[in-house]
Amino acid sequence: MTPEQLSQTIRDTLAELVRSGDLTLPAVPERVKVERPKVKEHGDYATNVALQLAKQAGLPPRELAQRLADRLADADGVKAAEVAGPGFLNVRVEAAAQGELAREIVRAGTAYGTSRSLSGERVNLEFVSANPTGPLTLASTRWAAVGDAQARVLAAAGADVTREYYFNDHGAQIDRFSRSLLARSRGEDVPEDGYPGAYIEEIAQQVVGARPDVKGLPDDDAQEVFRAEGVGLMFDEIKRSLHDFGVDFDVYFSERDLHDSGEVDEAVERLRGGGLTYESEGALWLRSTEYDDDRDRVLVRRDGRPTYICADAAYYLDKRGRGFDRVVILLGADHHGYINRYRALAAAFGDDPDRNLEMIIGQMVNLLREGRPVRMSKRAGDVLTMEDLVEAIGIDAARYALTRYSMDSTIEIDLDLWAKQANDNPVFYVQYAHARLASILRNAADLGVAPAGDEFDPGLLSHEREGDLLRALGEYPRVVQQAADLREPHRIARYLEDTAATFHKFYDECRVLPRGDEEPTPLHAARLLLVEATRVVVANGLGLLGVHAPERM
RNA sequence: GCGCCCGUAGCUCAGCUGGAUAGAGCGUCGGACUUCUAAUCCGAGGGUCGCAGGUUCGAGUCCUGCCGGGCGCGCCA
């Protein structure tokens, strides 16, 4: 019996009480929340429906809970139901009803935990979107890990997700980048506003290697060569880093294309007609204060040139035009000031900013080494990059460490901890659980013991640790659902850590395989099925985070 | 000054969108391997949930005001 099934049973029971006249309610609630109590004595599951419906029913909560408990106790799969505290209803489930879940999970395999709740939703998820003027920074690495996990989680909930990367390969930043390359190729210092990093030197060398003629060109032409070649090289490197990190985008979208295609101009025209703009001091403004912005924003400068906001507007329209109902954008905390003007843009186009647009802000990342912050010196251009992080702790640890925390938290990654191949490293703790599970299944195969099949007796899984584990596995679909609804993939990681712990405790107390000369029993087969189910869940969960589920360690 | 995020055990962080006695890992101390991976498990200790009010049967969670930290506030992108 899963929490969903129990929830349904409780609803049915409420409906029965109403029908039989034992209870008066304006309506039986759509959803009944069933939660896992923290304290063992409170049963396998608990619900607070009685507390919530007491007022409507005109009954004291405990009285309502009691009527519900009396009827619920007879329901299929329910072993006991009792009233507790101010009106909680604590439920114990039949072992047989609960054990059945192991078979369901194994049968569902990789589909276990997925749902259709977002089916039909076309989601455009934009993240990273770093301009190709340097290697991916630590912050970009966080969005890469979280964004990809986000995409996987949304897809698991049935959404049709496109991963998109927006970049700008022309304009002021790129000019500074190409001027820096040019300067370094001549052994000169980079300009005051240039990019000082050591990678500039390397790229400059590569460009010169590929285009030896660049030396003889006049400044303007040479700079253009450095721009075209340099951006290409830099972007290739970024894409390769992302790919190695396990993150591949469906679309790389160029801002330049928006200008070239005339979409920016079209967007401006549509904004003019959208009712959220006005002209002042010779410029066209967006009334973004309508959406809690600090001030209105200029769309078209006095000289007639559009600001970058127009490109954003055009880009938004482009996405909507490609059929995406939801435009989701992951941004760093340094861009939070962006939200309100973007919402105003969506509204100016007649969209509902609460439904069509979603901007997710994530906080920054700091590194710790030997207990001290690893500082990056901006002046020297020594930024901490994705590759630095991967080199220090590996891809799995990096992805896991970056997705394990709420996006709202500024995080500190202790490199010494995450590099350790030891149990204080959460990613190893979870991966070890998977390796252990896989190992049991391998040994079982060697012994010729198979997981229970048609003859499976779910009632055999009645040990307390088996119940704990089954209930943990039963939580998984709800965790995925919640992670998808709240856009919080870190919940998957936390769940995996809890579930790994629950499994390790089970392993400690419940022998799975026959020892020595022991004959295999139905209990061995049943436990083996539970092991297989657990492996499925851990593997599925790690998969949502883009972290490997190793067969051995 | 204004806006967004954070403040929970010595440290790093969860807390199921208002529920029961606030959790986990690490660190500290003490235990458990002749047999499925001890990269594990068991036990102990550790808290004015930043502060002060408010909302209600009930607040770490919601509201208001302070305090502290991070990040932003261009006709730059």
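Letters go in sequence order (proteins before strands), and every chain restarts at 1.
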Taking only the side-chain nitrogens and oxygens of [X], find out if one of them lies under 4.0 Å from OP1 or OP2 of [N].
X	N	answer
A/H259	B/A77	no
A/K38	B/G15	no
A/S406	B/G15	no
A/N443	B/U37	yes
A/R494	B/C16	no

> Taking the chi torsion of B/U21, is it syn (within 90° of 0) or anti (everything else)?
Replying inline: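 With its glycosidic angle more than 90° from zero, B/U21 counts as anti.
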> If you check the A/F88 side chain, which of B/A14, B/C36, B/A20 turns out closest?
Replying inline: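 Selected nucleotide (nearest to the side chain): B/A20.
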> From B/A77, B/G19, B/U37, pick the nucleotide closest to the side chain of A/E35?
Replying inline: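 Between B/A77, B/G19, B/U37, the one nearest the side chain of A/E35 would be B/G19.
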Interatomic distance, [X] [atom1] vs [N] [atom2] [rounded to whole Å]:
X	N	atom1	atom2	result
A/R256	B/A77	CZ	C1'	16 Å
A/R62	B/A20	CZ	C1'	12 Å
A/D408	B/G3	CG	P	18 Å
A/R404	B/U12	CZ	P	13 Å
A/W418	B/A39	CH2	C1'	15 Å
A/L486	B/C16	CG	P	9 Å
A/D446	B/U35	CG	P	18 Å
A/R491	B/G15	CZ	P	5 Å

Taking only distance into account, with no hydrogens and no angle test, what donor-acceptor pairs under 3.5 Å do side-chain atoms of residues 357-370 of chain A form with protein atoms, sequence neighbours excluded?
unit_1	atom_1	unit_2	atom_2	d
A/E358	OE1	A/R487	NH2	3.1
A/E358	OE2	A/R487	NE	2.6

So what does [X] touch, heavy atoms closer than 4.0 Å: a base, only the sugar-phosphate, or nothing?
X	value
A/K420	nothing
A/I411	sugar-phosphate
A/L51	base
A/A444	nothing
A/N90	base
A/S409	sugar-phosphate

Contact residues, [range] to RNA chain B [heavy atom, < 4.0 Å]:
range	result
residues 425-434 of chain A	A/F428, A/Y429, A/Y432
residues 498-515 of chain A	A/H504, A/K505, A/Y507, A/D508, A/C510, A/R511, A/V512, A/L513, A/R515
residues 526-535 of chain A	none

> What residues, two or more places apart in sequence or in another chain, satisfy side chain to side chain contact (heavy atoms under 4.5 Å, CB included) together with A/A130?
Replying inline: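 For A/A130 the side chain to side chain contact (heavy atoms under 4.5 Å, CB included) partners, ignoring immediate neighbours, are A/V128, A/L136, A/S140, A/Y165.
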Atom [atom1], compared across [N] and [M]: separation rounded to whole Å:
N	M	atom1	answer
B/C5	B/C62	P	11 Å
B/G72	B/U12	P	22 Å
B/C57	B/A14	C1'	28 Å
B/C13	B/U8	C1'	9 Å
B/C49	B/A24	C1'	16 Å
B/C16	B/G53	P	25 Å
B/G50	B/G7	C1'	6 Å
B/G54	B/G18	C1'	15 Å

May I have the list of side-chain donor-acceptor pairs in residues 33-43 of chain A shorter than 3.5 Å, sequence neighbours left out?
unit_1	atom_1	unit_2	atom_2	d
A/K40	NZ	A/E464	OE2	3.4
A/K40	NZ	A/D468	OD1	2.6
A/K40	NZ	A/D468	OD2	3.2

> Could you go step by step and tell me if A/R436 and A/H504 meet the side-chain hydrogen bond (donor to acceptor under 3.5 Å, both in side chains) rule?
Replying inline: CA-CA 9 Å; A/R436 213 179 209 188; A/H504 286 310; 3.1 Å; yes
So, do [X] and [Y] sit near enough that their side-chain heavy atoms are less than 4.5 Å apart?
X	Y	result
A/H490	A/M407	no
A/W143	A/L402	no
A/R527	A/L461	yes
A/H170	A/H259	yes

Salt bridge check: are [X] and [Y] linked by an N-O gap of less than 4.0 Å?
X	Y	value
A/E164	A/K319	no
A/D303	A/R301	no
A/D293	A/R343	no

Qualifying residues under salt bridge (charged side-chain N to carboxylate O under 4.0 Å, His left out), relative to [X], sequence neighbours excluded:
X	answer
A/R515	none
A/E279	A/R272
A/R227	A/E224
A/D257	none

Do we see a donor-acceptor contact under 3.5 Å between the side chains of [X] and [Y]?
X	Y	answer
A/Y338	A/D312	yes
A/Q481	A/S115	yes
A/Q431	A/D396	yes

> So which one's nearest nucleotide on RNA chain B is more toward 5', A/N168 or A/Q52?
Replying inline: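 Its nearest nucleotide lies further toward 5', so the answer is A/Q52.
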> So which of A/Y315, A/Y316, A/Y308 actually passes ring-ring contact (aromatic ring centres under 6.0 Å, His included) with A/Y166?
Replying inline: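 For A/Y166, the ring-ring contact (aromatic ring centres under 6.0 Å, His included) check succeeds only for A/Y315.
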>> Dot-bracket, 5' to 3', for RNA chain B please: Watson-Crick or G-U pairs under 3.5 Å, [ ] where pairs cross earlier ones, | where the partner sits on another strand, dots elsewhere.
In response: (((((((..((((.....[...)))).(((((.......))))).....(((((..]....))))))))))))....
>> How would you summarise protein contacts on nucleotides 71-76 of chain B per nucleotide, using B for base, S for sugar-phosphate only and - for none, with heavy-atom distances below 4.0 Å?
In response: BSSSBS
